[in-house]
*Asks:* 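My questions all concern the structure below.
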2 protein chains.
Amino acid sequence: MSTGHHHQPIDLTRNQSLVLGALEKAEGPLSAYTILDRLRDDGFRAPLQVYRALDKLLGAGLVHRLESLNAFVVCAHPNCHAQGMIAFAICGTCGKVDEFSDAVVQERLGSWARENAFKAEKSIIELRGTCAGCLNG
Amino acid sequence: MSTGHHHQPIDLTRNQSLVLGALEKAEGPLSAYTILDRLRDDGFRAPLQVYRALDKLLGAGLVHRLESLNAFVVCAHPNCHAQGMIAFAICGTCGKVDEFSDAVVQERLGSWARENAFKAEKSIIELRGTCAGCLNG
DNA sequence: TTCGCAATGTAATATCATTACGTTTGTGAG
DNA sequence: CTCACAAACGTAATGATATTACATTGCGAA
């Protein structure tokens with residue numbers, strides 16, 4: 001599988017910066033509507049303002065979408081460009097998300113795709129469970 | 001990672017059979033509301049009838065949820081018991097879904113979890129792209 | 001300046017899922 | 001058998017997530 005990601009570095013607009021900032025301040029993933037609530041004081045009024053900013057941020061690879069949560073997190077990498085395949089471990093107790101990647105997993109899924117003539121554009125890998133902190137604490 | 005799945009074989013109720021039947025008849029994944037629409041003639045009236053049946057079917061491993069689609073498919077295995085980790089390749093063009101699993105991927109994700117003291121309860125692996133048929137056709 | 005495009009503002013609507021509450025049904029203990 | 005309990009069911013209301021539609025604004029290129 002080609003990594004397929006061609007994230008464009010972009011100049012963030014005001015709305016995009018605000019949304020990114022909200023996600024950076026947050027400890028974990030936020031839903032679009034939670035972001036909206038947190039940006040009311042900055043003039044946000046409608047879901048679309050959030051979704052439009054998220055689209056751009058996702059496109060630039062600065063933010064990831066967690067499909068199993070319908071929520072969004074900032075990319076863990078300082079200047080995330082073309083990470084290829086990314087996986088997430090999501091703690092159901094504290095809500096924190098750990099982002100990681102694994103070349104072997106990437107290679108295996110890529111192999112499957114090649115063997116089955118499937119052109120993969122995006123992969124979603126999410127582990128749901130309990131993090132170390134919550135298991136001990 | 002332990003495979004962790006302990007699907008109970010169950011005696012299906014009428015509603016559960018109807019929902020399973022709808023998914024079996026379908027070519028690809030269906031949303032809960034699409035299932036509801038297809039079962040109107042069988043007396044279905046409310047979303048909850050579908051969601052309750054789906055809960056049981058998911059618990060029994062007869063049906064899978066596609067997180068990136070908010071939709072449901074029948075398990076590809078005749079008598080799906082305890083498959084461990086399952087992956088899906090979802091064609092964005094025709095909507096068909098291919099279910100597969102890979103022991104190496106399972107092992108690698110399990111290793112990551114072990115090394116990070118993360119107790120994984122469920123894994124979600126979905127490839128989005130275009131299937132062979134749609135690439136050729 | 002004028003055209004065109006990206007971003008924005010706002011309202012309405014579509015889609016997905018759950019809570020709440022009351023009733024029915026099946027089943028095992030006595 | 002029948003009582004008591006649990007599981008399943010019916011229905012309405014609501015909550016949560018996401019998109020469509022349309023008017024407007026800001027700004028760079030011709």
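Please read these numbers as outputs of a predicted model, since none were measured by experiment. Labels below follow one simple rule: chain letters A, B, ... track the order of the sequence lines, proteins then strands, and each chain is numbered from 1. Side-chain atoms are counted along with the backbone in the values below, which use heavy atoms only and exclude waters and symmetry mates.
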*Asks:* Would you kindly compare B/Asn70 and A/Ala46 by the position of their nearest DNA chain C nucleotide and give the one closer to the 5′ end?
*Replies:*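 With B/Asn70 and A/Ala46 compared, the 5'-side residue is A/Ala46.
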*Asks:* Holding to salt bridge (charged side-chain N to carboxylate O under 4.0 Å, His left out), I want the full list of residues that pass it with B/Glu126, two or more places apart in sequence or in another chain.
*Replies:* none
*Asks:* What is the separation between atom CG on B/Leu39 and atom P on D/dC9, rounded to the nearest whole Å?
*Replies:*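 In whole Å, D/dC9 P lies 13 Å from B/Leu39 CG.
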*Asks:* Calculate the interatomic distance between A/Asp11 atom CG and D/dG28 atom C1'; express it in whole Å.
*Replies:*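 After rounding, the gap between these two atoms is 14 Å.
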*Asks:* Using distance alone, with no hydrogens and no angle criterion, decide if B/Ser68 and B/Arg128 have a side-chain donor and acceptor under 3.5 Å apart.
*Replies:*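 A pair is found: one side chain offers a donor N or O, the other an acceptor, under 3.5 Å apart.
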*Asks:* Phosphate oxygens OP1/OP2 of D/dG10: is one of them under 4.0 Å from a side-chain N or O of B/Arg14?
*Replies:* no
*Asks:* At a heavy-atom distance below 4.0 Å, what parts of residues 48-56 of chain B sit against DNA chain C?
*Replies:*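 Heavy-atom contacts with DNA chain C come from B/Leu48, B/Tyr51.
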*Asks:* CG of B/Leu66 versus C1' of C/dC16: gap in Å, rounded?
*Replies:*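 Rounding to the nearest Å, CG of B/Leu66 and C1' of C/dC16 are 15 Å apart.
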*Asks:* For the residue pair A/Asn15 and A/Asp42, establish whether any side-chain heavy-atom pair is separated by less than 4.5 Å.
*Replies:*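 Side-chain contact under 4.5 Å: no.
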*Asks:* Can you tell me how far P of D/dT17 sits from CZ of A/Arg65, to the nearest Å?
*Replies:* 10 Å
*Asks:* Is the closest side-chain donor-acceptor distance between A/Glu115 and A/Ser111 under 3.5 Å?
*Replies:*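 No, because no side-chain N or O of A/Glu115 sits under 3.5 Å from a partner of the opposite role on A/Ser111.
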*Asks:* Provide, to the nearest angstrom, the distance between the CD1 atom belonging to B/Ile35 and the C1' atom belonging to C/dC16.
*Replies:* 12 Å
*Asks:* Check whether any side-chain nitrogen or oxygen of B/Thr13 sits under 4.0 Å from OP1 or OP2 of D/dA8, and answer yes or no.
*Replies:*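 Checking D/dA8 against B/Thr13, no side-chain N or O comes under 4.0 Å of OP1 or OP2.
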*Asks:* Counting only side-chain heavy atoms from C-beta out, which of D/dA8, C/dA17, C/dT10 sits nearest to B/Phe72?
*Replies:* C/dA17
*Asks:* Over how many whole Å does the gap from A/Asp42 atom CG to C/dG9 atom C1' extend?
*Replies:*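 Answer to the nearest Å: 16 Å.
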*Asks:* Using side-chain contact (heavy atoms from CB on, under 4.5 Å) as the criterion, point out the one residue from B/Val73, B/Asn70, B/Leu54 that pairs with B/Arg65.
*Replies:*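 The side-chain contact (heavy atoms from CB on, under 4.5 Å) with B/Arg65 is passed solely by B/Asn70 among B/Val73, B/Asn70, B/Leu54.
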*Asks:* Output yes when a side-chain donor or acceptor of B/Arg40 lies under 3.5 Å from a complementary backbone atom of B/Arg45, and no otherwise.
*Replies:*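 Side chain of B/Arg40 to backbone of B/Arg45: a pair is present.
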*Asks:* Kindly say whether B/Ala53 contributes a backbone atom to a donor-acceptor pair with the side chain of B/Gln16 at under 3.5 angstrom?
*Replies:*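 Pair absent, no side-chain N/O of B/Gln16 close to backbone of B/Ala53.
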*Asks:* Tell me the bend of the helix from C/dT1-D/dA30 to C/dG30-D/dC1 as the angle between end helix axes, each from five pairs, rounded to the nearest 10 degrees.
*Replies:*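 Overall, the helix from C/dT1-D/dA30 to C/dG30-D/dC1 bends by 20° from one end axis to the other.
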*Asks:* I need the CG-P distance between A/Leu30 and D/dA16, as an integer number of Å.
*Replies:* 15 Å
*Asks:* By the definition side-chain contact (heavy atoms from CB on, under 4.5 Å), identify the one residue from B/Leu109, B/Asp102, B/Ile124 that meets it with B/Met85.
*Replies:* B/Leu109
*Asks:* Using the six-membered base ring of D/dT17, report whether A/Tyr33 stacks on it, requiring centroids under 5.5 Å and planes under 30° apart.
*Replies:*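 Yes, A/Tyr33 stacks on the base of D/dT17, since the ring centres sit under 5.5 Å apart and the planes are within 30°.
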*Asks:* Round to a whole Å and report the spacing from CZ of B/Phe44 to P of D/dT11.
*Replies:*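 So the two atoms are 11 Å apart, to the nearest Å.
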*Asks:* With a 6.0 Å cut-off on the ring centroids, do A/Phe72 and A/His64 count as close?
*Replies:*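 No - the distance between ring centres of A/Phe72 and A/His64 does not fall below the 6.0 Å cut-off.
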